[in-house]
Number of protein chains: 2
Amino acid sequence: MERTIQEVARLTGVTSRTLRHYDDIGLVRPSRVGAGGIRHYDADALVRLQRVLLLRELGLGLPAIAAVLDGQTDDVHALLAHREWLRQEQTRLERQIASVESTIEALEGGEEPMAEDMFDGFDHTRYREEVETRWGKDAYARSDAWWRGMSDTERAEWQARTAQLGADWQATAASGIAPDAGEAQELARRHVEWLAGIPGTPGVVKEYVTGLGEMYVADPRFAANYGGPEGAAFVRDALRVYAEAHL
Amino acid sequence: MERTIQEVARLTGVTSRTLRHYDDIGLVRPSRVGAGGIRHYDADALVRLQRVLLLRELGLGLPAIAAVLDGQTDDVHALLAHREWLRQEQTRLERQIASVESTIEALEGGEEPMAEDMFDGFDHTRYREEVETRWGKDAYARSDAWWRGMSDTERAEWQARTAQLGADWQATAASGIAPDAGEAQELARRHVEWLAGIPGTPGVVKEYVTGLGEMYVADPRFAANYGGPEGAAFVRDALRVYAEAHL
DNA sequence: GCTAGACATTGACGCAGCGTCAACCGCAAG
DNA sequence: CTTGCGGTTGACGCTGCGTCAATGTCTAGC
């Protein structure tokens, strides 16, 4: 009636190591421990093990299995929750596969060694329409040439600067100070300086800077760089104050 | 131009702990380590980190990413292999979800607390047709009543005995001895004894035992219990010899 | 009665990828 | 001088066991 650990292992297809592990964590205890610590399993222990293995095949974690077996959780309930988790994993995988495939296509198409558009910085092509309608095709072309002319390293540097500027704006807006305070105005100065570094834009013209501030608020794509609409509003106000005073 | 670990962390969205980990394993090293072991990252390091993060989002493991970045692996090749792995994961998940759902249905339908059919043992309902056509509806009904009348514990015990018998047959067949050797004949005796424990079957009748042997060979569902067709053939031969001599 | 061998036991490390203390140091502000 | 922020190097924890390693026990054969 009783079986040793090795016999149980053969019967159920698990290793003896697994059975010892289950004993350690209290999931399936042997029915009796004889001389020398030898584990013996009776039919009841086998029933329990059998239920464990069934739930394990379904992908449940050992703690969840323990909860079900000890009656702390309703089995149907546990399985429903588990199914939900499995489904989320599945959609995650789907998205990942799609990403991998589009990346493969891009690489096979000879695209840039995927260094672009990782930071939230100035992603050029995304704003093509915006630039062309506001400042003309010529402006976009110059800007585009400038962008493509840079090396990966230079682009990374530029993007990092852009991201840092955005991060600083967010931190400042969140600190609660006024848009016309010194710190915010210093940021506005950096912002204008940064703008001047982009060829093909009007540069340090007063109405351009204030207009840009409005765009940050109106366009969620830009607003996201500054912590959403509120952050963008802070940037707009600070830029307006700065432009009035210095441009 | 250079940034501290915390700045890089904010820029890229990873934690400084992760950056230190990447340094430890040599995946992304800081461009310079200043006084007090302070890490500094320049634009080149950012480019590398950026590529790491892109590949990580696709689900690649860090060693695989390192291989790609160090030019030891073609990136397209690595991604193709990775896609294959992702697809396998996906089908595995699909199957698991299907299993979970059928289990949920079974539980909601008030089925037995899923103790059945885990071992390779005698799974009753699977062989209903087989039993009814060979030995009549009455035989199946008696057998069925006997099976349902048992407790989980008893059923587990029975299944374990059945599985053990199958395992012993496989081991004996694999050992290379002849079907009429003593050890095989002892197993045959146990087999007949085991058969006698199933109500509704003809029992220890000579032609029943030999016919059963043939069925084991012919039906892959049974053969699987004895190690496939070869193992089943060994069982059949041993049973025939035993039946001729003792029944 | 001894020994070999098969199987048992209890540690303990390793795996992936960091999160999370812990303990300590350095620098700037109040 | 203290406080606080940010930097450093360990080292453990998590999931579910696989995989030694060192040692004990039971059975079989001489």
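Each chain gets a letter, A, B and so on, in the order its sequence line appears, and its residues count up from 1.
- Atom P of nucleotide dT15(D) and atom CD1 of I25(A) are separated by 10 Å, given to the nearest angstrom.
- At least one side-chain heavy atom of H191(A) sits less than 4.5 Å from a side-chain heavy atom of L165(A).
- Of all nucleotides listed (dC18(C), dA8(C), dC17(D)), dC18(C) comes nearest to the side chain of L62(B).
- Rounded to whole Å, the distance from CG on D23(B) to C1' on dT8(D) is 12 Å.
- For the pair H21(A) NE2 and dT15(D) P, the computed distance is 10 Å after rounding to whole Å.
- Comparing G36(B) and R56(A) along DNA chain D, the residue whose closest nucleotide (by nearest heavy atom) sits nearer the 5' end is G36(B).
- For V28(B) against A45(B), the heavy-atom pair with the smallest separation is CG1-O, 4.1 Å.
- Atom CD in E7(B) sits about 17 Å away from atom P in dC5(D), given to the nearest Å.
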Evaluate salt bridge (charged side-chain N to carboxylate O under 4.0 Å, His left out) for E105(B) paired with R83(A), printing each intermediate quantity in order. CA-CA 13 Å; E105(B) 279 179 29; R83(A) 183 180 61 176; over 6 Å; no

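- Close to dA8(C), at under 4.0 Å from its OP1 or OP2, lies no side-chain N or O of R39(A).
- Here T4(B) reaches the OP1 or OP2 of dG7(D): one of its side-chain N or O atoms lies under 4.0 Å away.
- We find that CZ of R3(A) is positioned 17 Å from P of dC7(C), with the value rounded to whole Å.
- Counting distance only, with no hydrogens placed and no angle test, the side-chain atoms of R17(A) and the base atoms of dT19(D) include a donor-acceptor pair under 3.5 Å.
- Between dA6(C) and Q6(A), no contact under 4.0 Å exists linking OP1 or OP2 to a side-chain N or O.
- One atom, CG of L60(A), and another, P of dC17(D), lie 13 Å apart when rounded to the nearest Å.
- Among R17(B), R39(B), R48(B), the one residue that satisfies the salt bridge (charged side-chain N to carboxylate O under 4.0 Å, His left out) test with D23(B) is R39(B).
- Looking at the side chain of T18(A), the nearest of the listed nucleotides dG16(D), dT9(C), dC17(D) is dC17(D).
- Among the heavy atoms of the strands lying under 4.0 Å from I5(B) are primed sugar atoms or P, OP1, OP2 only; no base atom is included.
- Here dA8(C) presents its C1' atom at 15 Å from CD of E2(A), a figure rounded to the nearest Å.
- Phosphate contact (OP1/OP2 of dC18(C), side-chain N/O of T15(B), threshold under 4.0 Å): absent.
- Here E193(B) does not pair with R190(B) in a salt bridge; the nearest charged N to carboxylate O distance is not below 4.0 Å.
- Here R20(A) does not reach the OP1 or OP2 of dC17(D): none of its side-chain N or O atoms lies under 4.0 Å away.
- One interatomic measurement links the two molecules: NE2 of H40(A) to P of dA8(C), which rounds to 10 Å at whole-angstrom precision.
- Remark: Y22(B) is in phosphate contact with dC18(C), judged by side-chain N or O atoms under 4.0 Å from OP1 or OP2.
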